[in-house]
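This report refers to the structure that appears directly beneath it.
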Amino acid sequence: MTTKKLNIQEFLDQDQKKDLLRLLTAGSVDDGKSTLIGRLMADSKMLYEDQLEALHRDSKRIGHAGEEIDYALLLDGLKAEREQGITIDVAYRYFSTAKRKFIIADTPGHEQYTRNMITGGSTANLAIILIDARYGVITQTKRHTYLANLLGIKHVVVAINKMDLADYKQERFEEIKADYKAFVTQLDIPDVNFIPLSALKGDNVVDKGENMDWYHGPCLLEFLENVHVSSDRNFDDLRFPVQYVLRPDIKFRGFSTSVASGIIKKGDEVMVLPSMKKSKVEKIVTYEGELDYAFPPQSVTVTLEDEIDISRGDMLVHPDNLPRVERQFEAMLVWMDETDMNLSTQFYIKHANNNTKARIDEIKYKVDVNTLEKSNIEKFKLNEIGRVVITTTKPLYFDPYKKNHQTGSFILIDPVTHNTVAVGMIIDKLGSSSLPSRITDVDKAKIALGEALIKPEEYVQKYNQKGETIWITGLHGSGKNELAFSLEKKLFDNGATVVLIDGSSVRSGLSRELDFSPADRAENLRRVAHICKMLNDQGIITIASYISRNESLRDQVAEIIGKDRFHLFYMDADLDYCKNNKPELYKLVEEGKTTGLPGADLEYEAPTNAKLVFKPEQNEENLDAILDYLAMNKVFPNH
Amino acid sequence: MDNYSLTNLRELEAEAIHIIREVAAEFENPVMLYSIGKDSSVMVRLAEKAFYPGKVPFPLMHIDSKWKFQEMIDFRDSYAKEKGWDLIVHYNKEGFESGVGPFTHGSKVHTDIMKTQALLAGLNKYKFDAAFGGARRDEEKSRAKERIFSFRDKFHQWDPKNQRPELWNIYNSRVQKGESIRVFPISNWTELDIWQYIRLENIPIVPLYYAKERPVVEMDGTLVMVDDERMPKELRDKAEMRMVRFRTLGCYPLTGAIESEADTIEKIVEEMMTVTVSERTTRVIDFDQEASMEQKKREGYF
């Protein structure tokens, strides 16, 4: 390492230009982690000070790289913390060289401290994975590597420590390297580096030392000083999640945030989510003056050419590069709380300056952090990690975490304790179309039912019918609506008390804020099912014809209404018939103007358990078949 | 390096501005605690930047222990006036009237009554739900593990064993009525970063940081400056003029001076880098009791 002597002015001018590297270390007391960090900090400090000529006048060095002093003592060791019963947590440590400033998030390594490691690693550019040369790749190594991978850390340094205890043998180093490589290929870490070292003796930490001539790579500090991390940020996809609306007076209306990703330029056309309104960037304002462009993680304020209503949580993006805008997604979740997860909790979710509520629909699996094996669980406990499906109350504007840490990460907050109970990373997966929807809620159904003064038998007596639901499923354009309307008329004429829950009436009133995404379609069905249930409870027959595209949704509808009063009929029309019958929507899908139409671009699952199956051409026969069916089951007439 | 990279200082600055705006956006009634020290001066500049061209949308509050250096108070008043800050000065009236002070009551009692209690009373009086502080993690062990958003219960206590996980730049701002959050936007700054930033941005600081001939008395190995006649006469009589400066500022009897010739920022940095004692060692209060700062933080002092 070259040590150029500088005067203080030059030193400060140069120092001011250095950049910042955030790194994560995880390890247990026995790994020599404290010794390594202690040496890194102490020895680099001396080097740093050597840059200043002044120090040489008054050099009171204690020790020198190579001498054996207990570097671990320099740190507020984890061992000490544990003995004194002080919290073991993430400790942040700082050191600098002439090239860089380093922030170390120093976390304990045992499995019970997984959440600490996750916390410390969330902002890290690089992780140091410590391996004891005597033991090689062990369970802990795999766990730490998996967690670094989960957090999307792109650079890993495998520090094979205690080489002095393995006689500095190259074979041992190569053996461990091969073991580790075999394991790491399962994961997705683009940059993995191996350095043989002895933190205790100082080999390859700050100085090369003389014991491992066979190693020609950089020593640890040299590597840390030179690893290129600034390009790890996402400069492609503009995401400007409005954090603060700045309105000092009526003339100025600025939108402030730290740019999450991408570059925002003066004059850029931007689109505002969720309103989809477009405008142009008028100015990028900072205290230092206006900028032509801003990039992550700069904190800036922009003004737009047009007056558009924008609030905190909205997002500015380029119109040709949109994030996903959905209420449902899958994520890897880490449970951080001492209390177990309760699946019926409605959490607060905080994501990209946006606050809303979220519910966990389903746990797909849990990952064993030691073996990477997947298993099914009912709920999460402290430190458990797994894949979940989440539905939020408002749509979020997100990208997969892998592509964008800023718009792919979120935290869940307990509504009662206000603790941050879980953190998540959104997975790059199919849209919410293929996700299961949980539209039933067993817990809430238990909430105190009012006590009706009319008994169910009394309704049957009065109306001469059983309040049950006729549910017709089938593709768009299959003729199920026509059948439903004819049936309503027929039953009415015959003296039944019947209500048809018409899809377009529901859509234009009760469900008017919903669109046609799978999550919203599911929500629409949930509402319809509850109307059917209420009417059935009052003895009234309901007719509902809805696409209800798969078994899972229909089962959930049946569950809400009550399985024994849910009669599923299927209008079995082939796709060509439907397209012919009602071409408009199918055309839009073909032209790419809309998506999510079952049968067209989304799978429709024909029922296997329908009570009756119809062909659309046979309207009259179909009606008779239904009337027979209803009479046989004493739905109408009852006697 | 490409065009899209920031220096260490600019990255820290962006992080701090993000934190400050987040508090302004999510809390109803935040306040920035202003200690007049160099870290506070940096923090206030960051707040000005965060809301430019608007004004800082929350007040500053100085907890006056009534034993601060006179130069600090003068600096505070003229700077606040010049900048047009909304500045609240709060002190413990009862404590002051009953004559609590470090010479008569010792540093522990004085700090508790005139600083910790005064701070808590000030926060309660105005019902602040978030309070910014200028603490840095490299200052002291217990701070190294404290969160940027540090949750305080309704007694303003910190529970180091029960801290909320804090990931990425997503901060949990949820509090119940009476609870609050202390926010440390310059957590990740080191002492050198602070000096570099002051130099880069030309931020005014109290002249006590620069070396000058000042009257000092040696008390238990600490050089204490004679700032007013409340210092007992027998001590004042021993005062001698020495070239000294202060690495940190607090109550004058509790803040030790160091002998120094450093009268510019550059010289201060040079001195700092060659002296290995950490900066808080010149503050008497940290040595009062075992794990002193952690204890004080638990009680609600920063």
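Just so we're on the same page: letters track the sequence lines, and every chain starts at 1. Below, all heavy atoms of this structure are taken into account, side chains as well, without hydrogens, waters or symmetry copies.
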TODO: List the steps, then state whether side-chain contact (heavy atoms from CB on, under 4.5 Å) holds for A:Y92 with B:E146.
DONE: CA-CA 9 Å; A:Y92 293 90; B:E146 186 167 11; over 6 Å; no
Give the member of [options] that has the highest number of heavy-atom pairs under 4.5 Å with chain A.
options: B:S187, B:S173, B:P57, B:P53; result: B:P53
options: B:K267, B:K55, B:R137; result: B:R137
options: B:Q196, B:R147, B:E266; result: B:Q196
options: B:T7, B:N169, B:I265, B:V175; result: B:T7

Nearest-0.5 Å distance, [atom1] of residue [X] to [atom2] of residue [Y]:
X: A:Q16; Y: B:Y197; atom1: CD; atom2: OH; value: 11.0 Å
X: A:T286; Y: B:I17; atom1: OG1; atom2: CD1; value: 8.5 Å
X: B:W195; Y: A:L12; atom1: CH2; atom2: CG; value: 11.5 Å
X: A:F252; Y: B:Y52; atom1: CZ; atom2: OH; value: 8.5 Å
X: A:L20; Y: B:S5; atom1: CG; atom2: OG; value: 11.5 Å
X: A:Y348; Y: B:N172; atom1: OH; atom2: CG; value: 10.5 Å

Task: A:D292 CG: over 12 foreign heavy atoms closer than 6.0 Å - done: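 No - once you tally the heavy atoms of other residues, nucleotides and ligands closer than 6.0 Å, there are 12 at most.
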Task: NZ/A:K357: more than 12 non-hydrogen atoms of other groups inside 6.0 Å - done: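 Not buried by this count: 12 neighbours or fewer within 6.0 Å.
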Task: Parallel, tilted or perpendicular, as decided by the 30° and 60° cut-offs, for the rings of A:Y293 and B:Y4 - done: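 If you compare the ring of B:Y4 with that of A:Y293, the planes turn out perpendicular.
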Donor-acceptor pair, side chain of [X] and main chain of [Y], under 3.5 angstrom:
X: B:Q176; Y: A:V416; result: yes
X: A:Q243; Y: B:H18; result: yes
X: A:S122; Y: B:L167; result: no
X: B:R174; Y: A:P415; result: no
X: A:K350; Y: B:Y171; result: yes
X: A:S299; Y: B:A14; result: yes

Could you tell me which portion of [X] (side chain, backbone, both or neither) has an atom closer than 4.5 angstrom to a non-hydrogen atom of chain A?
X: B:E201; value: side chain
X: B:E26; value: side chain
X: B:E11; value: side chain

Task: A:Y94-B:D193 side chain donor-acceptor pair, cut-off 3.5 Å - done: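 No donor-acceptor contact under 3.5 Å links the two side chains.
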TODO: Scan side-chain atoms only and decide if B:R10 and A:Q298 contain a donor-acceptor pair under the 3.5 Å cut-off.
DONE: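 Side-chain D/A pair, B:R10 to A:Q298: absent.
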Interchain contact, [X] with chain B, by part (heavy-atom threshold 4.5 Å):
X: A:V300; answer: backbone
X: A:R312; answer: side chain
X: A:R247; answer: neither
X: A:Y287; answer: both
X: A:Q406; answer: side chain
X: A:R22; answer: side chain

Task: Name of the residue among A:V423, A:T420, A:N353, A:I411 meeting side chain to side chain contact (heavy atoms under 4.5 Å, CB included) with B:I170 - done: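 Among the candidates, only A:I411 passes.
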- [ ] Determine, for B:K145 against A:D106, whether the closest basic-nitrogen to carboxylate-oxygen distance falls under 4.0 angstrom.
- [x]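 Not counted as a salt bridge, because no side-chain N and carboxylate O are separated by less than 4.0 Å.
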Chain B: which of [options] shares the most heavy-atom pairs with it under 4.5 Å?
options: A:V259, A:I263, A:V229, A:D249; answer: A:I263
options: A:N355, A:D337, A:V245; answer: A:N355
options: A:N419, A:I413, A:T123; answer: A:I413

Open item on the list: Can you confirm whether B:L6 sits close enough to A:P297 that some side-chain heavy atom of one is under 4.5 Å from a side-chain heavy atom of the other?
Closed with: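 Yes; the side chains approach each other to less than 4.5 Å.
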Task: Minimum heavy-atom distance between B:N188 and A:K101, given as atom pair plus value - done: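 Shortest heavy-atom separation between B:N188 and A:K101 comes out as O-NZ, 2.7 Å.
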Open item on the list: Looking at every heavy atom in both B:G54 and A:P248, which two are closest together, and how far apart are they?
Closed with: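 Residues B:G54 and A:P248, closest heavy atoms: CA-CB, 3.4 Å.
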- [ ] Step by step, work out the salt bridge (Lys or Arg N to Asp or Glu O under 4.0 Å) result for B:R164 and A:D414.
- [x] CA-CA 11 Å; B:R164 293 173 173 179; A:D414 186 274; over 6 Å; no
- [ ] Establish, yes or no, whether the cationic atom of B:R21 lies under 6.0 Å from the six-membered ring centre of A:Y244 and within 45° of the ring axis.
- [x]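 Geometry flag: not set, cation outside 6.0 Å or 45°.
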TODO: Step by step, work out the salt bridge (Lys or Arg N to Asp or Glu O under 4.0 Å) result for B:R45 and A:E288.
DONE: CA-CA 12 Å; B:R45 170 61 58 87; A:E288 281 78 31; over 6 Å; no
